[in-house]
Amino acid sequence: MTARILVVDDIPANVKLLEARLLAEYFDVLTAENGFKALEIVANTNVDVILLDIMMPGMDGFEVCERLKANPKTMHIPVVIVTALDQPADRVRGLKAGADDFLTKPVNDLQLVARVKSLVRLKTLSDELRIRADTARTIGFEDLTRFDGFDISGQVLLVDGRGSSQERIVRALKPVAEVTAMSDPQAAIFEAAESPIDLVIINDNIEEYDPLRLCSQLRLLERTRFLPLLLITESGREELIVRALDLGVNDYLTRPLDPNELVARTLTQIRRKRYNDKLRSSVRQTIELAVTDGLTGLHNRRYLDNHLKTLFNRAAARSRPLSVCITDIDRFKSVNDTYGHDIGDEILREFARRIRSTVRGADLACRYGGEEFVVVMPDTDANSAASIAERLRGIIEAAPFALPSGGALNITASLGIASFTAGIDTPEQLLKNADRALYEAKNSGRNRVVAAAA
């Protein structure tokens, strides 16, 4: 795993020490002697993790961190505060400033490298989502990287083997989260998979049970793979902490717990999850928008081209029937010319609604372009396809299309159908046959269904 790490410290010896440790792990290392230089580097260079000292002249590390986290362009970069300050109040202040971790000098090499690698993995995932969201924005969708919904109370699952520590943790987190406490690890897995959980806190005080086993199982399941995990363990258990971070644990705390630090770290994980959830949701919405016709809500031609190929190949492999219907609104140009494109759009929307009311659940309805629509009918032979097309033709003709300003228009449609038979080798051929049949329906008087010759 390689990544670019920025080390920020005003003491050259500290910079050289951290640089040497990171270079030994094949990281690309940049350095800055103060906060101003660090912000300049981040503004002009892609950085994966920032190791940030607190006590620096001009601008201390707390302010640097706050500025980074307040900037939408840099808020996603993990920040690890590395400092000689070791008081709980300093740790909490750093976490509240947006830091992802707080390491005290002298830094344990194993923990440093494990923490950096863990944060790089998390940022890689976040970066992929952000890139897709940025792509969506450049082609005209909303800015999907903006999200302000972090002030909602979180849902935390606490797995703790002792009632007394459960009570302390629940009490500490009460102002910021609703906590479900459990002592049975297996029951906790089901709870995490079935409930809307923002964070799982795992205390390693469960007798005769390896907490890392629970972490591993949560990372294995699809529903819990991206849940933040926070481990609570004894001070000095470096090997356990390193293994936990390698397994994908997001953060850890050592006993005795400082309630303020517990709250700060919990909020950090909840915020990060909400941000990444928003990005994932936005990516899914972007994909849907990319394959959906904005006017009618039907799938668009891009989706048709890809999905028809899949259905065609499956029909060929299984020797199953497949039929296609292309339908076109009769004399649609005169509707636009007479009533305007706004009315034309309303006709198209209602036409699409009638198609949806006619096709079966397994059928695929798409807007092919302009006033042309395509219905793909898997496992449907020529006779059944003709019946479905005739039903659609009748539904279009049966009731006038209401106009927003009052009144109505009588609309008809012509339809051409084609079925997968010997001699058709590609989905493009199947569509072309249906298009020829549609052309024949138009030329022979419109408002009729014509089947392509077998």
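Start at 1 with the first residue, then count along the sequence.
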Check side chain to side chain donor-acceptor pair (under 3.5 Å) between [X] and all other residues, then give those that pass, not counting sequence neighbours.
X	result
Asp48	Lys123
Lys69	Asp100
Glu40	none
Arg302	none

Minimal non-hydrogen separation, [X] against [Y], with atom names:
X	Y	value
Glu371	Leu348	CA-CD2, 3.9 Å
Val376	Pro378	O-CD, 3.4 Å
Asp330	Asn447	OD2-N, 3.1 Å

Query raised in the report: In this structure, which one of Asp251, Leu173, Leu229 forms a side chain to side chain contact (heavy atoms under 4.5 Å, CB included) with Ile201?
Result: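 Of the listed options, the one satisfying the test is Leu173.
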**Report entry** Donor-acceptor pair between Asn205 and Asp160 side chains, under 3.5 angstrom
**Finding:**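 Result is yes, a qualifying pair exists.
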Query raised in the report: If we ignore angles and hydrogens, is there a donor and acceptor under 3.5 Å between the side chains of Ser414 and Asp328?
Result: no
Report task. Show the numbers, then the answer: is there a salt bridge (charged side-chain N to carboxylate O under 4.0 Å, His left out) between Arg265 and Glu261? Result -> CA-CA 6 Å; Arg265 290 187 184 273; Glu261 184 174 355; 2.9 Å; yes
Query raised in the report: When rounded to the nearest 0.5 angstrom, what is the spacing between CD1 in Ile329 and CD in Glu372?
Result: 10.0 Å
Query raised in the report: Yes or no on salt bridge (charged side-chain N to carboxylate O under 4.0 Å, His left out) for Glu397 and Arg393, after CA distance, side-chain angles and deciding distance?
Result: CA-CA 6 Å; Glu397 182 186 30; Arg393 187 205 63 76; 2.8 Å; yes
Report summary line: Residues passing the salt bridge (Lys or Arg N to Asp or Glu O under 4.0 Å) test with Asp337, sequence neighbours excluded, are Lys333
Requested in this report: Kindly write out the residues that satisfy salt bridge (Lys or Arg N to Asp or Glu O under 4.0 Å) with Asp379, not counting sequence neighbours, or none if the list is empty.
Outcome: Arg320
Report task. May I ask you to say whether Arg67 pairs ionically with Glu63, meaning some side-chain N is under 4.0 Å from a carboxylate O? Result -> yes
**Report entry** Ring-face cation of Arg354 near Phe401 (centre distance under 6.0 Å, axis angle within 45°)
**Finding:**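 Ring-cation test returns yes.
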